[in-house]
Amino acid sequence: MKQRYIDLIKQTFDFPIEGFDVKNGHLHFYGVDLMEEIGEEETPVRLFYLPKISIQIDRARDCFNGAIERQGYKGSYTYCYCTKSSQFSFVIKEVLKHQAQLETSSAYDMDLIEKTFRKGWLDKKTEIVCNGFKPEEYIQRISAMHDRGFENIYTVLDDYEEIDRYRFAREEALKIGIRVATEEEPNFEFYTSRLGVRYKDVLKLYREKIKDNPRFQLKMLHFFINTGIQDSTYYWNELNRMINKYTELKKIAPELSILNIGGGMPIRNSLYTDFDMPYMVEEIVRIIKKSCDEAGVDTPDIYSEFGKYTVGESGALIFEVIKEKKQNDKERWYMLNSSFMTTMPDIWGIGEKFIMLPLNKWENEYQRVNLGGISCDQHDYYNSEMHISEVWLPKLDKKEPLLIGFFHTGAYQEALSGYGGMKHCLIPTPKYMIFDRDSKGKLKTRVFSERQSSEQMLRLLGY
Ligand SMILES: Cc1ncc(COP(=O)(O)O)c(C=O)c1O
C-alpha cells in the first residue's frame, strides 16, 4: 500500500487545524491555496497574512475581558503591540486599525511613532509604553514627545538613575512605569535579568525620586518574564513575586494603577500541541486578584505587550527544494534555494522550531530528509521538528518542484536577518572606519560609511 504524505500527517496530528488544510494535494493557509498564489519562480518568498493580526488581538481581548467579567475583577485590559517584533508600516497600520496601543524599545522606534502620527494612524492620546534601556537619544525623543503634547507616554524606568535624565518644559507630569528585573530561569547563565530595576530597589526608587516630585507620576509596574508565559513553576513563582511587588508599591503609591505583564504569549510552533491560552489568562487574572484582595489593595488595570503573538502566526517563508543529495546510506538532503542563516536566524541561533509543511505533493510517498541551506556554513540546516527529532517530506518527482513553507515566522525573523539593512529593535548599523598604514608606516584613517540614520531605517520599513 502506498504511504502518502497526507496519511502521515493525518495519522500523526489532529489535522486539519486552524489555518492549515489540504485540498487536491495542495496546502491551504487560511483558505489560500499557496501553490496557486506563489509561482515557483517567485520563491524564496516571505508572506504576511494580515487578517490574522486582528484575529489574534480579538482573541486576547476576549480571553482577558472574559476572565475579568467571570471573576468580577475590577480593572480593565489594554492590548499593546510590541513594535520590535515587526516594525513594517503595514503591520503597524494594521494593529492600530484594531485599536492596539504600542510599546517601543529604542530611539528610532520613537521616530517610527512620529511618522505614524504624521500619517494619521495614531493620535496624541494613543498609549505609548517606552520600554528598554535608554541611551541619551531615546530619552531626548521621549521628553520631546511629551513636550509636544503626547498625553499617554509611559516611560518605563529600566534603572535607578534613568529618571534623572529627562528634560522637558511641559508642566504636566510625565507618566512613569518601573520595570522590575525578574529572576532568570534556574538553568540560565545569569541569576537576574539585566533589564529593569532591582527587585529590592523598587520602593526606594519611588520614595526617593518619584513620590514628592511633581514632574513625574508613577502609573505602571512592569515586568517581562524571559521564558514567556508558560505553565511552569518558574513562571508562576515569578508572576507571584511581581504581583507582590505591585501590592507593596501600591500601598505607598496610590496613583499606581497599571500592572504591565509584558509579552511572551506563545504561538503555535508545531501541529502537535496548542497552548491553552484561555486557561493561562484565567489563572493570571485570578492570581492578580487573589494577591490584591489578600493585600487589601485595588486590583490594577492589566496591560500586555504581545509581539510574537500578534504577528508570528501571520507570517510564512516559502522555499523550493532544488536538489536531492544523498551523502551516505543514511543522510538524505533536500537542498533549498535559500539559507536559514539569512532568512530565519532563530533556527541556527537559538534552535527555534517552526511549523514546516510542503505546499504540494501531499499525495506522494514520504521520506526522512535533512533540509540544507545554500550558504557555505556547516550550521545552515534544519533536521528536527518540535514533536520529533526528524523531518519528513514527500518524495520528489519529475512533475513540478517541491515547495515547502515555514509557517508562523512573522515575528522577529526579518529584523534579525536584517531585511534590506534593517536591525533588531531598530538599533542602527554602526559607523564603519578603515585603518591602514602608508608605505612609511604612518596611520591613515577614513570613514567608509556613517552610522545608519533613522530615515534610512524607516524607509526600509515603508515609512
Ligand atoms: C519588554 C518587552 N515587552 C514585550 C516583548 C515582546 O515579547 P514577545 O514577542 O515574546 O511577546 C519583549 C520581547 O523581548 C520585551 O522585551
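Whatever order the structure lists ligands and atoms in, that order sets their numbers, starting from 1. This is a predicted model, so every value here is computed, not measured.
- Ion pair R268/E313 not flagged as a salt bridge, since none of the NZ, NE, NH1 or NH2 atoms sits closer than 4.0 Å to an Asp/Glu carboxylate oxygen.
- Sorted by chain and number, the residues within 4.0 Å of ligand 1 by heavy atom are C82, K84, E103, N131, R179, H222, F224, G263, G264, E305, F306, G307, K308, Y412.
- Salt bridge status for E151 with K124: absent, with no side-chain N to carboxylate O gap under 4.0 Å.
- Below 30°, between 30° and 60°, or above 60°: for Y79 and Y309 the angle between ring planes is between 30° and 60°, a tilted geometry.
- By the 4.0 Å N-to-carboxylate-O rule, D111 lies too far from K115 to be salt-bridged with it.
- Ionic pairing of R215 and E171 is not present here: no N-O contact between side-chain nitrogen and carboxylate oxygen is shorter than 4.0 angstrom.
- Considering F15, F407, Y49 in turn, F407 is the only one that fulfils the ring-ring contact (aromatic ring centres under 6.0 Å, His included) rule with F20.
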